[in-house]
Amino acid sequence: MQKAKSRIRRIGIGIAGGLVLIIGVIAIPYPGPGWLIVFAGLAILATEFAWAQRLLDVAKGKYDAWQAWLARQSFVVKALIWTLTAFVVIITVWLLNGYGLINNWLHLGLDWVQSPLFH
């Protein structure tokens, strides 16, 4: 009986941590706590899976290295990175039909904002 409870707990943690991790990965390019959500998902998984703890340690190190590298860069490089990030956000919101929904809600009549994936 104890083994079954342990297995159910492990599966539940795997599902919960995996969902949080996926949400975090999706949220990374958007304003907000994308990386924090990723780290939270890995921390949840790390309570049951050793590989997740190793990945969490590596991810934290890479994130810290990225932040340190970015801090050393010129304004031009930082502006380019912010511009590319904004471009990713704009394109993914368009592809997911975010602008199309707003267009429909507000009856703007701007058919060109509709996602090609939702026609």
Side-chain angles (χ1 to χ4, degrees):
M1 185 66 165
Q2 187 64 25
K3 192 171 187 176
K5 285 182 182 179
S6 177
R7 181 172 291 225
I8 290 170
R9 180 178 186 277
R10 188 173 172 94
I11 290 169
I13 287 175
I15 291 170
L19 287 173
V20 172
L21 180 61
I22 290 168
I23 291 167
V25 169
I26 292 168
I28 287 172
Y30 298 97
W35 280 108
L36 180 63
I37 298 168
V38 167
F39 295 142
L42 286 173
I44 292 167
L45 290 168
T47 63
E48 285 293 322
F49 304 100
W51 62 265
Q53 183 62 56
R54 291 190 301 272
L55 184 56
L56 178 59
D57 293 340
V58 169
K60 282 182 186 176
K62 296 292 184 186
Y63 178 81
D64 290 342
W66 165 258
Q67 290 298 315
W69 177 84
L70 190 56
R72 295 189 306 269
Q73 300 310 304
S74 68
F75 173 78
V76 172
V77 172
K78 291 175 186 175
L80 180 61
I81 290 169
W82 279 107
T83 301
L84 290 172
T85 300
F87 181 73
V88 167
V89 170
I90 290 166
I91 293 299
T92 56
V93 169
W94 174 62
L95 288 173
L96 294 172
N97 205 36
Y99 307 122
L101 291 173
I102 293 169
N103 178 52
N104 292 340
W105 292 335
L106 300 177
H107 307 290
L108 299 175
L110 304 172
D111 293 334
W112 60 271
V113 299
Q114 300 290 337
S115 169
L117 302 178
F118 290 88
H119 272 304

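Note that the structure is a prediction, hence the values are computed from the model and not measured.
Distance check: Gln53 CD to Leu56 CG gives 5.5 Å after rounding to the nearest 0.5 Å. The OG1 atom of Thr47 sits 7.5 Å away from the CG atom of Leu45 when rounded to the nearest 0.5 Å. One finds the CD1 atom of Ile28 at 9.5 Å from the CD1 atom of Ile37 (value rounded to the nearest 0.5 Å). Atom NZ of Lys3 and atom CZ of Arg10 lie 12.0 Å apart (nearest 0.5 Å). With rounding to the nearest 0.5 Å, the separation of OG in Ser115 from CG in Leu101 is 10.0 Å.
Clustering ILVMFWY residues whenever any of their side-chain heavy atoms sit less than 4.5 angstrom apart, transitively, puts Ile13 in a cluster other than the one holding Leu42. Grouping the Ile, Leu, Val, Met, Phe, Trp and Tyr side chains by contacts below 4.5 angstrom, directly or via other members, places Ile102 with Phe118. No chain of hydrophobic side-chain contacts below 4.5 Å, direct or via other Ile, Leu, Val, Met, Phe, Trp or Tyr residues, connects Leu36 to Trp66. Put simply, Ile90 and Leu108 are part of the same group of oily side chains (I, L, V, M, F, W, Y) that touch within less than 4.5 Å, one to the next. Val89 and Leu96 are not part of a single hydrophobic cluster, where members link through side-chain heavy atoms under 4.5 Å apart.
Crowding of Lys78 atom NZ: a count of heavy atoms from other residues, nucleotides or ligands under 6.0 Å exceeding 12.
Under the 3.5 Å distance criterion, the side-chain polar atoms of Thr85 are matched with a main-chain donor or acceptor of Ile81.
For Ala46 against Ala52, the heavy-atom pair with the smallest separation is N-CB, 3.6 Å. Here the shortest heavy-atom pairing between Asn103 and Asp111 reads ND2-N, 4.3 Å.
As a member of the Ile/Leu/Val/Met/Phe/Trp/Tyr network built from side-chain separations under 4.5 Å, Ile8 groups with nothing else and remains a singleton. By the 4.5 Å side-chain criterion applied to Ile, Leu, Val, Met, Phe, Trp and Tyr, Ile26 is assigned to a cluster that also includes Ile22.
The side chain to side chain donor-acceptor pair (under 3.5 Å) search around Gln73 returns none, not counting sequence neighbours. By the side chain to side chain contact (heavy atoms under 4.5 Å, CB included) test, Ile15 is found to be paired with Ile11, Leu19, residues two or more places apart in sequence or in another chain being considered.
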Margin query: Would Val77 and Trp69 count as a side chain to side chain contact (heavy atoms under 4.5 Å, CB included) here? Give the steps.
Written below: CA-CA 11 Å; Val77 172; Trp69 177 84; 4.0 Å; yes
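Contacts classified as ring pair (Phe, Tyr, Trp, His ring centres under 6.0 Å) and involving residues 1-40 (residues at least two apart or in different chains) are given here: Trp35-Phe39, Trp35-Tyr63, Phe39-Tyr63. Sequence neighbours left out, not one pair with a member in residues 72-99 passes ring pair (Phe, Tyr, Trp, His ring centres under 6.0 Å).
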